[in-house]
Structures are given as structure tokens and as C-alpha cells.
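Input: a single structure, listed below in C-alpha cells.
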Amino acid sequence: QVQLVESGGGLVQAGGSLRLSCAASGLPFSNYAMGWFRQAPGKERAFVTAINWSGSSTFYADSVKGRFTISRDNAKNTVYLQMNAMKPEDTAVYYCAADFAPLRMVVDTTSQSYHYWGQGTQVTVSS
């Protein structure tokens, strides 16, 4: 069955960095766009960033643009989220998700477009 397993979450001070990984199995990874979403306590799940099937196209939420970078390694079936200059408002559970979108350049930013989800990893940024 399809599995998306996030790792790399933890506690970091404001201004610090973390790198999240999401390892996928059970699906043809290069046919899927991959996204990262996050959900803070008491808030709706929100789009963070996404990358298309080949890695040639990315999109970021305004709140993370210039600080976060998404990348993927199709040979390793893994997508990454490098988070720099972190802020307390980045505190949330981070989820990776897969959207069946072979050969598509444009990525989806709505959670309803994503077919598979990981279990989430907690990221906490202290001030």
C-alpha cells in the first residue's frame, strides 16, 4: 500500500533551520507532484509548498517564500523541505502529500487535490 513517512521534525530556536524528509513507497513516485502542508493548533491545514513530478516547477505560500525550499529526489522516492530563518509562527504539524499529476507543470495548492498523506511530523519553533 501507499506510504508517505515524514521525518526531521523537532524543536528549533527562532532563526534556526530544519530539514524535513518524506519517503514515499507503494506508488510510482515520478508520476506524483508532492506537497507540504501544515496545521497549527486551532487552525485549518494550510498549504506550504509543492513541487511538480520532475522538480522543474515549484510554488510557495507567501508566508514561507524566500525561507523554505522544496526539492525531490526521484531516484530515492523522497521529497525534502529545507526550512531556514524559522519563526515561531512556523510551529505546526507538517504533512507531506502526493498528487497524481504526471507530466504536469502546474502544482495544486488545495488539499483536496492530494490523494495520499503522511502521518505528519511536529515542528516547534521557540522564540
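Starting from 1, each residue takes its place in the sequence as its number.
Listed by first and then second residue, the ring-ring contact (aromatic ring centres under 6.0 Å, His included) pairs involving residues 74-120 are Tyr32-Phe100, Phe37-Tyr114, Phe37-Trp117 (not counting sequence neighbours). Note on residues 23-66: no pairs pass disulfide bond (SG atoms under 2.5 Å apart), not counting sequence neighbours. Residue pairs meeting the disulfide bond (SG atoms under 2.5 Å apart) criterion with at least one partner in residues 10-119, sequence neighbours excluded, are Cys22-Cys96. Counting only residues at least two apart or in different chains, ring-ring contact (aromatic ring centres under 6.0 Å, His included) contacts with residues 7-31 are absent.
Listed for the Asp99 side chain is no donor-acceptor partner under 3.5 Å among the backbone atoms of Ala101. At least one donor-acceptor pair closer than 3.5 Å links the side chain of Arg67 to the backbone N or O of Ala85. In terms of modelled atom types and a separation under 3.5 Å, the side chain of Ser113 and the main chain of Ser111 share no donor-acceptor contact.
Between the side chains of Asn84 and Ser17, a donor-acceptor pair is found at a separation under 3.5 Å. Checking Gln122 against Thr124 by side-chain atom types alone, a donor-acceptor pair falls below 3.5 Å.
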Report the C-alpha separation of Leu4 and Gln119 in whole Å, then their side-chain angles, then the decisive distance to 0.1 Å, and conclude whether the side chain to side chain contact (heavy atoms under 4.5 Å, CB included) test is met. CA-CA 8 Å; Leu4 302 178; Gln119 82 288 348; over 6 Å; no

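Two residues are said to be in side-chain contact when any heavy atoms from C-beta on lie closer than 4.5 Å; Arg72 and Met34 meet this criterion. Taking the side chain as every heavy atom from C-beta outward, Arg38 and Val64 approach each other to under 4.5 Å. When side chains are defined from C-beta on, Leu20 counts as touching Thr121, because their heavy atoms get closer than 4.5 Å. Considering only heavy atoms from C-beta on, Thr110 stays 4.5 Å or farther from Phe47 through its side chain.
Residues satisfying the side chain to side chain donor-acceptor pair (under 3.5 Å) test with Ser127, not counting sequence neighbours, are none. Every residue two or more places apart in sequence or in another chain that forms a side chain to side chain contact (heavy atoms under 4.5 Å, CB included) with Thr58 is listed here: Ile51, Tyr60, Ile70.
Counting non-hydrogen atoms of other residues, nucleotides and ligands closer than 6.0 Å to NZ of Lys65 gives a total above 12.
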